[in-house]
Peer 1: 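Just dropping this structure here.
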Amino acid sequence: MATFVSYPLPSLPEGWSAEKDFKAVGKITADGATQRTIEPVGPHFLAHARRARHKRTFSEDDR
Amino acid sequence: MSETRTGPAPGDRTAIGITFGNSNSSIACTVDDKAEVIANEDGDRQIPTILSYVDGEEYYGQQAKAFLVRNPKNSVAYFRDFLGKEFKSIDPTYNHASVHPQDVDGSVAFTLKDKAGEDEAASTLSVSEISTRFLRRLVTSASEYLGQKVTSAVITIPTNFNDKQKAALVAAAKAADLEVLQLISEPVAVVLAYDARPEAEIVDKIVVVADLGGTRSDVAVVASRGGLYTILATAHDHEFVGAALDKVLINHFAKEFIKKHKIDPRENARSLAKLTAESEATKKALSLGTNASFSVESLAEGIDFQSTINRLRFETVARPVFEGFSRLVESVIKKAGLDVLDVDEVILSGGTAHTPRIASNLGNIFPASTAILSPSTSATAINPSELQARGAALQASLIQEYEAEDIAQSTHAAVTTVPHTTNAIGVISLTESGEEVFVPVVQPETAVPARRTVQVAAPKNGGDVLIKIVEGNTHIKVIKPEPKVQAANGTNSKAAKVEDDNSGEDSDDEFSDEEEEEEKREKAWKIGATLAEAAVRHVKKGAQVEVTINVNADLSVTVTAREVGAKGGVRGTLSA
Ligand SMILES: Nc1ncnc2c1ncn2[C@@H]1O[C@H](COP(=O)(O)OP(=O)(O)OP(=O)(O)O)[C@@H](O)[C@H]1O
Ligand SMILES: [Mg+2]
């Protein structure tokens, strides 16, 4: 279901390093989000409600 | 718990979808997961929301509508919007040609003769009772069609229905022995009807639903994200509506009649009723053909009237109404803080959406990349008159197996009200010239938790690859046309004109610069703050990298990236 992008990713800059190859730089703050209401309609909402009510993640849901 | 259950048990339900409009209603069911609008015993799929009583006999739908000419005093029409409302806050504009609403202890009622016999007194019936009687007729039709008693329904409502109106509708249905499984908003039912088609792909898109009915037009901007729908803005209008188009034709033909016969057919109630009915029929004919006839027997004082009108003439006289529809759509996009360039799809819904001119006018507002879904602009459009009922039927089939308590819990704010991303989140890629570009993965206004995956080409020669996760924003780039230069002496005629204009009162620009190019507007991504960097190592030549961004409920972000088809990869989390 993934979208394909043909513009290539950049090569890793010379000398780049990070623990476990992952470097956290920023974060999404509460200001970076708005509380809104999803319409409780459709099959994907049912899946959302099921995950929310059973406190399940996407990958747990996949299994 | 079964002891507390008031409605039927899930296994005993027969559920349908219902739209209950001021002008028309529809009933729909699903057959093998496909929605189907049911034709009632008269063969109608759009059933006029009208009840009419003749000698104690109750008529509804098209038959009741026909009685508006001969039996207006015992016919009730345009009442849906009065449900759950105080008398002082209703707009009775459309009730002049049928029973007038009256104030009974502050709420709305209608007085009419619903029993046979000369001496029988008239009854005063609340709008709730009228609604119950009408809904009962819809349920009876659906039950007859399905061959089993319909017990339950999902009913569509406008986005601005308040809690009182919702409660009144549920109560009116209950009194008709109908369990309301859920009330769902009209534009969302419409989007669902399209998304449920087998060929539909669930993609992130901004959809504008323009629901153009008979007495009200409702427009909504919906963020559709992974099949979850969030309404970003709505607008409601009572002026630019189907009835206004009827009015244009009523006046047009009335004037023609006056010219010929010196009689104004609008001054006599019965003549006006005939004029109204035929104007609506002519209007509908003009949605299909470029010419339509208009013909009424004994329009006024026994005089028959016949005429014709072509679509162009209609579009000319109705232009102010058509322009109103376009403005309404533009206003709600603005209200959502969006631009026409942000809109991926415009779905036209409601009976008035059949009108070709409305769709073509909207086509002129939006860029060519925006799909306008209406019968005249898209071969695969679903009948706009059926969208809501289909959506309601689909929702009914999705939830009919749930206990009422389960449905209530799932639709509770604790489940539905969640953070939505403000910015997009994506990765950085490079153009041919080596410029950084933003590749959106999670779109703005995505409800969380959300998970999105993209596959991006690796650098041509493979090797170690940088995954740079950033926020992104769109902005509108305006490309102004080059000023036209006069060939002979190189004088810039436009600059000279601007000087002129400063001294003059009115600009005559529009007339003199006929060939002036319009400015071009484009949507472009702007790269924002960096969220994370990661490395995927030893990627093969010509390979692709799969990047998954998971925004969790607490706004923490998990990123995973790996070469497609390879083991390992990288995974990291940004705390909230
Ligand atoms: N083919 C058509 N071409 C143009 N207009 C049409 C067509 N079919 C129906 N209409 C108009 O659509 C309007 C009814 O819309 P709809 O069936 O969506 O009703 P509704 O939602 O009950 O309306 P409301 O609640 O706004 O009164 C009427 O004005 C009718 O004349
Ligand atoms: Mg409607």
Side-chain angles (χ1 to χ4, degrees), chain A, chain B residues 184-185 188 192 195 202 226-231 395 398 409-411 413 415-423 427-431 437 439 447 449 451 453-460 463-467 529-535 537 545-546 550-551 555 557 570-572 574-576:
Chain A
M1 232 196 63
T3 335
F4 175 67
V5 182
S6 55
Y7 280 148
L9 293 162
S11 292
L12 198 65
E14 217 42 60
W16 188 98
S17 78
E19 197 185 321
K20 290 191 176 155
D21 273 348
F22 185 87
K23 200 190 282 181
V25 181
K27 55 164 80 175
I28 301 182
T29 56
D31 306 343
T34 320
Q35 285 287 331
R36 294 188 191 274
T37 299
I38 315 170
E39 296 289 316
V41 174
H44 297 272
F45 174 79
L46 285 184
H48 163 85
R50 197 171 53 232
R51 284 189 299 269
R53 290 178 60 196
H54 299 119
K55 308 224 175 329
R56 276 210 300 263
T57 64
F58 283 103
S59 14
E60 285 161 357
D61 212 39
D62 287 344
R63 273 173 231 146
Chain B
I184 65 172
S185 66
V188 176
L192 180 62
D195 276 352
I202 299 303
L228 295 180
Y229 311 120
T230 303
I231 295 179
Q395 181 68 5
L398 284 174
Q409 272 184 29
S410 292
T411 54
V415 173
T416 59
T417 304
V418 301
H420 286 58
T421 57
T422 311
N423 295 313
V427 295
I428 296 285
S429 273
L430 301 175
T431 63
V437 283
V439 174
R451 178 177 62 178
T453 298
V454 286
Q455 288 183 359
V456 195
K460 217 168 43 208
D464 293 350
V465 175
L466 173 69
I467 313 293
T530 303
L531 294 175
E533 286 182 357
R537 301 203 182 254
V545 175
E546 184 177 86
N550 225 313
V551 186
L555 294 172
V557 181
V570 58
R571 178 191 173 92
L574 301 174
S575 62

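Order of the sequence lines fixes the chain letters, A, B, ..., with proteins taken first and strands second; residue numbering starts at 1 for each chain.
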Peer 1: With a 4.5 angstrom heavy-atom cut-off, is it the side chain or the backbone of A:Ser6 that approaches chain B, or both, or neither?
Peer 2: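 Contact with chain B involves the backbone of A:Ser6 alone.
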
Peer 1: Go through the atoms of B:Val465 and report whether side chain, backbone, both or neither lie under 4.5 Å from a heavy atom of chain A.
Peer 2: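 For B:Val465, the contact with chain A is made by backbone and side chain together.
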
Peer 1: Counting only heavy atoms closer than 4.5 Å, note whether B:Asn550 contacts chain A via side chain, backbone, both or neither.
Peer 2: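 Interface part for B:Asn550: side chain.
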
Peer 1: State whether the side chain of B:Thr421 and the backbone N or O of A:Ala33 hold a donor-acceptor pair below 3.5 Å, judged by distance alone.
Peer 2: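 Absent.
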
Peer 1: Can you check whether A:Tyr7 reaches B:Thr431 side chain to side chain, under 4.5 Å on heavy atoms?
Peer 2: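 Yes; the side chains approach each other to less than 4.5 Å.
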
Peer 1: Does any part of the side chain of A:Pro43, heavy atoms only, come nearer than 4.5 Å to the side chain of B:Leu398, both counted from C-beta?
Peer 2: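 Contact flag for B:Leu398/A:Pro43 side chains = yes.
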
Peer 1: List the atom of B:Val439, the atom of A:Val5, and the distance in Å for their closest heavy-atom pair.
Peer 2: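 Looking at all heavy atoms of both residues, the closest pair is CG1-CG2, 3.5 Å.
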
Peer 1: So, do B:Ser410 and A:Arg53 sit near enough that their side-chain heavy atoms are less than 4.5 Å apart?
Peer 2: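 Answer yes - side chains close enough.
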
Peer 1: Which residue out of B:Ala413, B:Ala576, B:Ala447 racks up the most heavy-atom pairs below 4.5 Å with chain A?
Peer 2: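 Of B:Ala413, B:Ala576, B:Ala447, B:Ala576 has the most heavy-atom pairs under 4.5 Å with chain A.
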
Peer 1: Look at the side chain of B:Glu533 and the backbone N and O of A:Phe22, then say whether any donor-acceptor pair between them is shorter than 3.5 Å.
Peer 2: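 Side chain of B:Glu533 to backbone of A:Phe22, a donor-acceptor pair under 3.5 Å: no, none is there.
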
Peer 1: Pick one of side chain, backbone, both or neither for A:Ile28, based on which atoms fall under 4.5 Å of a heavy atom in chain B.
Peer 2: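 For A:Ile28, backbone and side chain are both near chain B.
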
Peer 1: If I measure from the heavy atoms of chain A, does B:Val415 come under 4.5 Å with its side chain, its backbone, both, or neither?
Peer 2: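 Both parts, heavy atoms under 4.5 Å.
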
Peer 1: Is there a side-chain contact between A:His48 and B:Thr416, using heavy atoms and a 4.5 Å cut-off?
Peer 2: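 Heavy-atom side-chain distance check fails, nothing below 4.5 Å.
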
